[in-house]
K.L.:
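Before I ask anything, let me first share the structure, which is written out below as structure tokens.
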Amino acid sequence: MAVSRKSWPNLFCTCLLLCATEAASQQFQLEPPSSTVLRGSDARFSATVEGKWEVMTWTLRRFLVLTVSVTGNVTTSSEQFSAAFCSGGDTGCVEFTIRNTTRGDSGPVICTVQGEYGSKTAQLYVQESGTVNIMGGDVTVVQDQQVELQCVTTAWFPIPTVTWTQNGKAVDSSLYNTTDMANGDSFNTTSVLKLQAVSNTTVACWATVPALTNPTSSSVFLVVVPKPPNWTVLIAVVVGFGGFALLVLLIIGIVFCYKRRKEKQRNYQDEMSRRVKTQSQISGVSVAGQRQGQVNAGYALEGQTSVTPSELTESGFGQAHDSNIFKMPDAVNSNLEGNGYNSAYNTLDESGFRKHRHVTIV
Ligand SMILES: *[C@@H]1O[C@H](CO)[C@@H](O)[C@H](O)[C@H]1NC(C)=O
Ligand SMILES: *[C@@H]1O[C@H](CO)[C@@H](O)[C@H](O)[C@H]1NC(C)=O
Ligand SMILES: *[C@@H]1O[C@H](CO)[C@@H](O)[C@H](O)[C@H]1NC(C)=O
């Protein structure tokens, strides 16, 4: 068979074109490149093949777990795995499902299409949400006191993000510290929140991992009771006032008693002096009378009989009185007659004390 030399380049070009078209059609996509799911939930991957294909295999953690043909025949190693054509029955798209994922399912997911398509790899991450618990439950604190709350999360994978809220508002991250520790193939964390007790609030601790759409939380009620009054100050004030009042009362009492005693003394002295006066008046009057008599007697005796001082005795006076020689005018009477109704005179008693006496006659 003779081939013209001219036709060779054409043949080559046709082949090259054909090869290029074939290569372009033998491609497929695996979506998503990575999937993060919670343990126990399902994970799904889809392979979209451009062009003709016959057989497709799925490998999980290096084990072939499922085979699917373009006719729809599916062979699995376990009921956990399944495959189906995507919606609409398009044979160019296969959806691979891993049900009830376990932590052990984490790893590469490989899809291989028989032929020159080769294989594609995606990643599966299985996470775990554990428990959240604020230790101690509701707390009652005195206003302005520092409160320390401890939130413990258990059995999370990976390490959860722990945050706090107060009445639904995020608490500043500077107010809490979170530490974690491995607990087998998961993690426990302890978060310590320190805040100032201002008012009654609901404090919540939240923990989450990327696979979790709604964070898990634990909350407690923070009851803030008003500060009790400072009893020591109150007591001191009361005692101080009480002491002061007592002191004042004591002083008043002492002054009162002193005054009363003084008054009594004065009354007594007055009484005494009154009595003394009365007595002295009685005696003074008699003495004065005697003196008067004596003086008068001396006066009356002038020019008549000489009376020696020895005669100024009781008997002498009596003698004189009896003798009736001298009738001395009553001083009171004479004064009454002379000066009217008011008169005063001084007398001297034996002791030489001067007695001043007022006599009022109406
Ligand atoms: C958190 O830890 C750091 C360093 O250990 C410390 O300085 C800080 O006071 C802590 N904060 C709280 C709220 O415990
Ligand atoms: C994690 O928490 C659980 C439950 O509280 C506890 O039994 C376990 O000992 C903790 N693990 C570590 C490492 O602390
Ligand atoms: C907080 O609530 C308690 C009752 O639940 C109440 O007795 C107290 O006065 C409240 N404290 C403040 C600061 O409102």
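If you read the sequence from its start, that first residue is 1, and numbering goes on from there. Just so you know, ligand 1 is whichever comes first in the structure, and atom 1 is the first atom listed for that ligand.
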K.L.:
Between ligand 3 and the protein, which N/O pairs are shorter than 3.5 Å?
P.N.:
from	atom 1	to	atom 2	distance (Å)
ligand 3	2 (O)	Asn200	ND2	2.2
ligand 3	11 (N)	Asn200	ND2	3.1
ligand 3	11 (N)	Val224	O	2.8

K.L.:
May I ask you to identify, for Ala182, whether its side chain, its backbone, both or neither come under 4.0 Å of ligand 2 on a heavy-atom basis?
P.N.:
backbone
K.L.:
Of the options Thr153, Thr190, Asp180, which is the one that meets Val162 in a side-chain contact (heavy atoms from CB on, under 4.5 Å)?
P.N.:
Thr153
K.L.:
Where's the contact between Leu175 and ligand 1, heavy-atom distance under 4.0 Å: side chain, backbone, both or neither?
P.N.:
backbone
K.L.:
Does Asp144 have any salt bridge (charged side-chain N to carboxylate O under 4.0 Å, His left out) partners at least two apart in sequence or in another chain, and if so, which?
P.N.:
Lys227
K.L.:
Taking only heavy atoms of Ser174, which atoms of ligand 1 are found under 4.0 Å from at least one of them?
P.N.:
13 (C)
K.L.:
Do Val220 and Leu222 have side chains that get closer than 4.5 Å, going by heavy atoms?
P.N.:
no
K.L.:
Name the orientation class of the two ring planes belonging to Phe96 and Phe81 (parallel below 30°, tilted from 30 to 60°, perpendicular beyond 60°).
P.N.:
parallel
K.L.:
Can we call the ring centroids of Trp156 and Phe187 under 6.0 Å apart?
P.N.:
no
K.L.:
Side chains of Val171 and Leu193: closer than 4.5 Å at any heavy-atom pair?
P.N.:
yes
K.L.:
Near Met181, which atoms of ligand 2 are under 4.0 Å from a heavy atom of that residue?
P.N.:
13 (C), 14 (O)
K.L.:
Disulfide bond (SG atoms under 2.5 Å apart): which pairs involve residues 32-77, sequence neighbours left out?
P.N.:
none
K.L.:
Does anything in residues 70-99 pair up under disulfide bond (SG atoms under 2.5 Å apart), and if so which pairs, sequence neighbours excluded?
P.N.:
Cys86-Cys93
